[in-house]
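Here the structure comes first, spelled out in structure tokens, and everything after it is commentary.
Just so it is clear, the values below take in all heavy atoms, side chains as well, and ignore hydrogens, waters and symmetry mates. Whatever order the structure lists them in is the order used to number ligands and atoms, beginning at 1.
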Amino acid sequence: MILTEEQTMIQDMARGYVREHIAPFSEEWDKNKTFPAEALQGLGELGFYGMLVPEQWGGSEIGYTAAALVLEEIAAGDGACSTVISVTNSVGCMPILNFGTDEQKEKFLKPLASGQKLGAFCLTEPHAGSDAADLKTKAVKDGDHYILNGVKQFITSGKNGDIAIVFAVTDPSAGKKGISAFVVPTDTPGYIVANVEDKMGQNASDTAQIVFEDCKIPAENLLGKEGEGYKIALSGLEGGRIGIAAQAVGMARAAYEYALQYAKDRTSFGKPIFKHQAVQFKLADMATQVDAARNMVLNAAQLRDAGKPCLKEACMAKLFASEIAEKICSDAIQVLGGYGYLKDYPVERIYRDVRIAQIYEGTSEVQKMVIARAIGSE
Ligand SMILES: CC(C)(COP(=O)(O)OP(=O)(O)OC[C@H]1O[C@@H](n2cnc3c(N)ncnc32)[C@H](O)[C@@H]1OP(=O)(O)O)[C@@H](O)C(=O)NCCC(=O)NCCSC(=O)CCS(=O)O
């Protein structure tokens with residue numbers, strides 16, 4: 001895809017920042033499980049927290065295509081950073097932009113989109129991941145407040161985030177139509193970070209279990225109308241999946257580029273291993289797969305920018321990019337041989353970081369469900 005001058009400029013800006021402020025520290029953040037607050041703040045200052053939000057509400061509104069390019073760059077430097085940025089942009093900002101009142105936008109969206117605050121998305125529960133409508137968290141109206149009680153699981157930035165979009169049942173008799181969405185500042189009493197998970201990868205971002213214990217929030221924090229919550233959640237995830245696909249491309253690209261350079265430097269049987277057809281062909285496959293995945297991401301993003309339906313294309317991009325990214329990262333380890341398995345080399349970390357892309361914001365199996373529905377009705 002040919003990029004516009006503006007998209008190329010934004011891509012270069014992101015690449016430059018990542019080279020200086022993110023990539024050199026990724027290994028250390030992973031090892032020490034450090035939340036990279038300062039590096040993230042810098043991304044916020046570049047306008048990368050509110051990439052889909054109009055300037056009126058504090059955002060940079062560069063569009064889905066440019067946002068996908070930025071997320072690829074950030075992920076090429078550090079997967080965890082790109083997850084935090086993807087979540088705050090899509091499922092953090094977009095529900096408020098699309099369903100919030102002007103007052104809610106002023107109060108919650110502006111600080112998110114302008115890079116002052118980070119968003120979190122509290123949908124998943126311990127027993128309800130793919131079956132997202134099976135929520136147990138309840139919100140009970142009490143005068144001009146709602147009282148939230150329940151448990152949320154696998155919440156990106158649940159600890160370090162500032163503003164959470166929380167889904168809870170307001171009418172247990174109404175099934176999917178009984179779910180509502182709320183904006184909850186994470187410093188609200190009763191918003192309890194019960195656990196920060198010990199993960200396989202992406203150690204620089206926190207993934208938390210959140211307990212809501214008599215968490216009292218003003219009724220004016222209801223997003224949209226009562227009963228619209230499930231729709232708000234699924235519409236947010238559609239855009240979010242383009243972001244996750246873009247970050248899978250970024251991580252895969254980083255692993256591929258490292259393996260390519262390694263293959264040119266490392267010798268065996270008297271020549272650089274790149275001169276061996278077995279290695280050359282593997283790298284040729286990897287390069288092709290990175291390009292194919294990126295094109296799918298940009299296709300979905302372009303459709304979205306043009307205001308066209310892209311649910312199927314977003315799910316296809318997430319499915320393909322996340323699955324192929326794991327394969328590319330595994331092949332990168334293979335190119336490095338024994339060294340690829342060591343923590344001294346970045347491909348080991350990238351392989352751990354990329355694995356979750358097949359699971360969060362909808363597993364590969366959920367993407368296939370949605371794609372199958374779409375092609376079934378074509
Ligand atoms: C598995 C599912 C796809 C099943 O979905 P459903 O069949 O239960 O949903 P529907 O009945 O089709 O839709 C309900 C409602 O929403 C409207 N809708 C659906 N999709 C969209 C959309 N893209 N844009 C706008 N509106 C949409 C639809 O029209 C219906 O409205 P009406 O009733 O017609 O008014 C689904 O449950 C699913 O996707 N499951 C996976 C959930 C998931 O991805 N979870 C991960 C959450 S994030 C996470 O993991 C934490 C990481 S992080 O911190 O982000």
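Of the protein's heavy atoms, Thr156 OG1, 3.5 Å lies nearest to atom 53 (S) of ligand 1. The shortest contact between atom 28 (C) of ligand 1 and any protein heavy atom is with Lys231 CG, 5.0 Å. Of the protein's non-hydrogen atoms, Glu361 OE2, 3.2 Å is the one closest to atom 55 (O) of ligand 1. Scanning the protein for heavy atoms near atom 40 (N) of ligand 1, the closest one is Ser130 O, 2.9 Å. In this structure, atom 34 (O) of ligand 1 lies nearest to the protein heavy atom Lys177 NZ, 4.4 Å. Counting protein heavy atoms only, atom 27 (C) of ligand 1 is closest to Leu234 CB, 4.3 Å. Of the protein's heavy atoms, Tyr230 OH, 2.5 Å lies nearest to atom 8 (O) of ligand 1. Nearest to atom 49 (C) of ligand 1 among the protein's heavy atoms is Thr124 OG1, 3.8 Å.
The backbone N or O of Ala219 lies less than 3.5 Å from no partner atom in the side chain of Asp144, so there is not a single donor-acceptor pair. Of the possible polar contacts, one joining the Thr170 side chain to the Gly178 backbone as a donor-acceptor pair under 3.5 Å is found. Between the side chain of Ser26 and the main chain of Ile22, no donor-acceptor pair closer than 3.5 Å is present. Without hydrogens or angle criteria, Tyr49 side chain to Leu40 main chain gives a donor-acceptor distance under 3.5 Å.
Remark: of the listed residues Ile155, Thr156, Ile165, Ile155 is the sole one forming a side chain to side chain contact (heavy atoms under 4.5 Å, CB included) with Cys122.
Rounded to the nearest 0.5 Å, atoms CD (Gln334) and NZ (Lys282) are 5.5 Å apart. From Asp162, atom CG reaches atom CZ of Phe108 across 12.0 Å, with rounding to the nearest 0.5 Å.
For ligand 1, the atoms lying closer than 4.0 Å to a non-hydrogen atom of Lys176 are 6 (P), 7 (O), 8 (O), 9 (O), 11 (O). When each atom of ligand 1 is checked for a heavy atom of Phe154 under 4.0 Å away, the hits are 51 (C), 52 (C), 54 (O). Below 4.0 Å from some heavy atom of Ala132 lie the following atoms of ligand 1, by number and element: 37 (O), 42 (C). Close approach to Met369 involves these atoms of ligand 1, each under 4.0 Å from a residue heavy atom: 1 (C). For ligand 1, the atoms sitting less than 4.0 Å from at least one non-hydrogen atom of Gly129 are 42 (C), 45 (N), numbered in the order shown with element in parentheses.
When all heavy atoms are compared, the tightest approach of Leu319 to Ser364 is CD1-CB, 3.6 Å. The two residues Ala133 and Ile179 make their nearest non-hydrogen contact at O-CD1, 3.6 Å. Taking each heavy atom of Pro185 and Asn221 in turn, the nearest pair found is CD-ND2, 4.1 Å.
Contacts between Val366 and ligand 1, counted as non-hydrogen atom pairs separated by less than 4.0 Å, involve the side chain only. Residue contacts with ligand 1, taken as heavy atom pairs separated by less than 4.0 Å, involve Glu238 solely via side-chain atoms from C-beta onward. With a 4.0 Å cut-off on non-hydrogen atoms, Ala133 does not touch ligand 1 at all. When non-hydrogen atoms are compared, ligand 1 lies under 4.0 Å from the side chain of Arg241 (C-beta onward) but not from its backbone. Only the side chain of Val370 comes within 4.0 Å of ligand 1, judged by heavy-atom distances. In Arg373, the part holding a heavy atom less than 4.0 Å from any atom of ligand 1 is the side chain.
The distance criterion of under 3.5 Å between nitrogen or oxygen atoms is not met by Tyr360 with respect to ligand 1. Residue-to-ligand polar distances place Gly362 within reach of ligand 1: an N/O pair is separated by less than 3.5 Å.
The shortest separation from a heavy atom of Ser157 to ligand 1 is not under 4.0 Å, leaving the residue out of contact.
Within the 4.5 Å cutoff, side-chain heavy atoms of Ile273 are placed close to those of Tyr262.
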Verdict with supporting geometry, Glu313 and Arg304, salt bridge (Lys or Arg N to Asp or Glu O under 4.0 Å): CA-CA 10 Å; Glu313 289 78 7; Arg304 185 90 188 202; over 6 Å; no

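Classification of the Tyr345-Tyr339 ring pair by plane angle, with boundaries at 30° and 60°, yields tilted.
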